[in-house]
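Report on the following structure.
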Amino acid sequence: MSKVLDLIQQETNRQANTIRLIASENYASPEILTALGSSLTNKYSEGYPQHRYYEGQEFIDQIELIAIENAKKLFKSKFANVQAYSGSPANLAVYLALLQPGDTILGLALSSGGHLTHGHKVSISGKWLNSISYGLTTDGYINYDQIEKLAQEHKPKLIISGHSAYPRQVDFKRIGEIAKSIGAYHLADISHISGLVATGLHPHPFPYADIITTTTHKILRGPRGALILTNDPELAQKVDKAVFPGLQGGPHNNNIAGIAIALEYDLKPEYTDYCKQVITNAKALSKAMQNRDFEIVSGGTENHLLLVDLRNKNIDGDTLSKALNKVNIETNKNTIPFDTASPFKPNGIRLGTPAVTTLGLKEQDMETISEFISQVVNNIDNQSQLEKIKTQVIEFISKFKY
Ligand SMILES: *Cc1c(COP(=O)(O)O)cnc(C)c1O
C-alpha cells in the first residue's frame, strides 16, 4: 500500500482536530468524496454532452447534463459550463473568450481583497493583459467612485467584480452600470459568496453582469472545480469554446459528478439555513472578537468572513497565524486596507465561518473560538500555555462531526 494513503489518513485526522477558519475552505460530503474517488477518473470526454471526441459517454453525458441543469437552476442562469478545472482556469477561459492579449481589464487589487487572477502582475491575467486595479476607501469599502474614474480614464474592455477577502456586500448594479457606460463587459467572480448569492442572502450579479464565475469547493461545499454562467447565448458559445478546446483537454468527470451532487444539495431548503447560519456565525465571531479588543476591518461583516486588524495588538498576521496553527486553529495571514507591511508579514488575519458552520457550530461557539484566539495572542511566547490551549481546542472541536 502506498505511503501516501497513510498521509491522507493523517490529514483527515488533522482536519477533524482543527478549528478550520480559512474562509475559502469547507468540507465535501461523503457522497462527493465517493464521486471523486470513482471510475469516472478513468474516462476521457473531450467535448460536451452529445458532442464528444471519444466513445463510451452514455453515463458521463448524463452526469454532466445534471451538473449543468443544477447550476442553471441554482443561479437562475440560462447557460452553464461546468468543465473548468478550478476557479483560476475559469477566469482565464472568460478572458480567452472575451479579450485579446494586451486588452485592458479593471479589477479589485489583491492587496484590497481581490484575487490574483483579477489582474495581479504575477498572474497571467496581469502579464498578458493590461491590468488596472481599483481599491477600497479608508473605511474598508469598495471605492466605487474610483472604479468609475478609472473606467472613464482607461476604458477597460472588461471590469471584474468579486473578491477573496472582502467582508461587505458588493454593489454589482453600480459596477454593471459603470461597465455599460463605457461599453465594457462585466465579469462577476463570486467564488467566495456564491452560496449567499444563490440563496438570496447577497444581491445577485444578474442582470448587471455579463458572465459569472464561481469556484465549487468553497461555500458551495463541492469538490474543486468551477462554474461559468451567462444568460447570453453568444457569450455562452464563446465560453464553451474557450474552455475546450481553447484552454483545456478532457474534463475531470469525477469532479463534475461531485459538482452535480453538491449543487443538488445546494438547491435544498437546508442549504439556505446553512448559508444564513454562516452569516450569523461570522457576525457573532466579529462581535466576540471586538469584545476582546480586536479591531475588525470596516467594523464588521455582511458575509462569511472578517478581517482582523492586529496593529493594536502588536503582533503581525504571519506570527499570529503560525501560533494559531500550533494550537490547531487554521487561519491565514492577510493584508488589511492600506497595509504598509509586506504581504509576507501583513497586519491582519482573515477568519471565515463556512467550514465550522458545516460542522454545526453556532453563535455561542464563536465566543469560544474568539476566546481561544485571544488567549493565543496573550500567550504568544508561552509554549506550555499554548500546549494547554491546543488540548482544549481539540477537546472542543472533535465533538463536532460532519
Ligand atoms: C478562490 C478564488 C479563485 C480561484 O480559485 P482556484 O480554484 O484556487 O483556482 C478565483 N477567484 C476568486 C475570487 C477566488 O476567491
Side-chain angles (χ1 to χ4, degrees), residues 21 23-24 106-115 118-120 132-153 159-179 188-193 196-197 201-203 205 208 278-317 320-321 331-343 345-353 366 370 373 377:
L21 297 173
S24 50
L106 174 59
L108 180 63
L110 181 73
S111 55
S112 297
H115 191 261
H118 296 182
H120 193 281
I132 312 285
S133 36
Y134 59 92
L136 305 173
T137 60
T138 45
D139 51 0
Y141 285 74
I142 288 172
N143 190 339
Y144 296 96
D145 293 337
Q146 186 194 19
I147 301 178
E148 188 153 23
K149 193 165 153 275
L150 290 171
Q152 292 294 345
E153 198 176 317
I159 301 180
I160 305 153
S161 60
H163 51 78
S164 302
Y166 179 67
R168 295 291 168 179
Q169 291 196 344
V170 181
D171 190 346
F172 292 120
K173 181 165 186 274
R174 174 106 195 253
I175 297 175
E177 284 167 358
I178 295 169
D189 174 357
I190 59 170
S191 291
H192 260 260
I193 54 166
L196 310 181
V197 167
L201 299 168
H202 187 292
Y208 310 108
V278 165
I279 297 177
T280 302
N281 282 347
K283 285 181 191 287
L285 184 57
S286 174
K287 278 255 158 56
M289 294 295 288
Q290 282 171 327
N291 289 342
R292 289 166 180 79
D293 194 33
F294 285 92
E295 295 276 345
I296 304 302
V297 170
S298 84
T301 177
E302 297 164 345
N303 59 24
H304 63 301
L305 69 81
L306 47 137
L307 294 173
V308 186
D309 177 346
L310 296 166
R311 286 175 302 182
N312 67 330
K313 296 284 185 181
N314 277 325
I315 189 168
D316 67 86
L320 180 56
S321 59
T331 63
N332 63 277
K333 59 187 167 199
N334 215 99
T335 51
I336 53 166
F338 305 99
D339 208 332
T340 49
S342 102
K345 262 191 187 309
N347 278 309
I349 55 168
R350 184 183 69 163
L351 306 178
T353 54
M366 300 303 115
S370 73
I373 296 174
V377 170

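Side-chain atoms are counted along with the backbone in the values below, which use heavy atoms only and exclude waters and symmetry mates.
With sequence neighbours left out, Tyr166 forms a ring-ring contact (aromatic ring centres under 6.0 Å, His included) with His163. Here His202 pairs with Phe172 under the ring-ring contact (aromatic ring centres under 6.0 Å, His included) rule; sequence neighbours left out.
In plain terms, the two heavy atoms of Leu305 and Ala282 that are nearest each other are N-CB, 4.2 Å. The two residues Thr353 and Val278 make their nearest non-hydrogen contact at OG1-O, 2.7 Å. Nearest heavy atoms, Gly162 versus Leu108: O-CD2, 4.0 Å. Shown here for Phe294 and Val377, the closest heavy-atom pair between the two residues is CZ-CG2, 3.8 Å. When all heavy atoms of Ser161 and Val170 are compared, the closest pair comes out as CB-CG1, 4.4 Å. Across all non-hydrogen atoms, the minimal contact from Pro205 to Ile190 is CG-CG2, 3.7 Å.
Checked for salt-bridge contact, Arg174 and Asp145 meet the test: a charged N lies under 4.0 Å from a carboxylate O.
Note that the CZ atom of Phe338 and the CG atom of Leu136 stand 6.5 Å from one another [nearest 0.5 Å]. Annotation: the span from Leu320 atom CG to Ile349 atom CD1 amounts to 4.5 Å, rounded to 0.5 Å. Between His304 atom NE2 and Thr280 atom OG1 the span is 14.5 Å, to the nearest 0.5 Å. The distance from the OG atom of Ser24 to the CG atom of Asn332 is 6.5 Å, given to the nearest 0.5 Å. Here Ser286 contributes atom OG and Asn291 contributes atom CG; the two are 9.5 Å apart, rounded to the nearest 0.5 Å. In this structure, CG in Leu21 is found 11.0 Å from CZ in Arg350, a value given to the nearest 0.5 Å.
Partner of Lys149 under the side chain to side chain contact (heavy atoms under 4.5 Å, CB included) criterion, out of Gln146, Glu153, Gln152: Glu153 alone.
A donor-acceptor contact closer than 3.5 angstrom is absent between the side chains of Asp189 and His115.
Judged by distance alone, with hydrogens and angles left aside, the side-chain atoms of Thr301 form a donor-acceptor pair with the main-chain N or O of Pro167 at under 3.5 Å. In this structure a side-chain-to-backbone donor-acceptor pair under 3.5 Å is present from Arg168 to Ser298. Glu302 places a side-chain N or O within 3.5 Å of a backbone atom of Gln169 that can act as its donor or acceptor partner. At distances below 3.5 Å, not a single donor-acceptor pair connects side-chain atoms of Gln290 with backbone N or O atoms of Ile296.
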### Steps toward side-chain contact (heavy atoms from CB on, under 4.5 Å) verdict (Lys283, Ile279)
CA-CA 6 Å; Lys283 285 181 191 287; Ile279 297 177; 3.7 Å; yes
#### Entry: Derivation and outcome, side-chain hydrogen bond (donor to acceptor under 3.5 Å, both in side chains), residues His192 and Asn303
CA-CA 9 Å; His192 260 260; Asn303 59 24; over 6 Å; no
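In this structure, Ser111 and Asp339 have side chains that are not in contact, with every pair of non-hydrogen atoms separated by 4.5 Å or more. A heavy-atom distance below 4.5 Å is not found between the side chains of Pro346 and Ile336. Proximity of Leu110 to His118: side-chain heavy atoms (C-beta onward) are nowhere separated by under 4.5 Å. Contact of the Tyr134 side chain with the Leu106 side chain is registered, since non-hydrogen atoms from C-beta on lie closer than 4.5 Å. Thr331 places a side-chain heavy atom less than 4.5 Å from the side chain of Ser321. With contacts defined as side-chain heavy-atom distances shorter than 4.5 Å, the pair Asp171/Ile142 does not qualify. Leu310 has its side chain out of reach of Asn347: every pair of non-hydrogen atoms, C-beta onward, lies at least 4.5 Å apart.
In Lys313, the NZ atom is crowded: over 12 heavy atoms of neighbouring residues, nucleotides or ligands sit closer than 6.0 Å.
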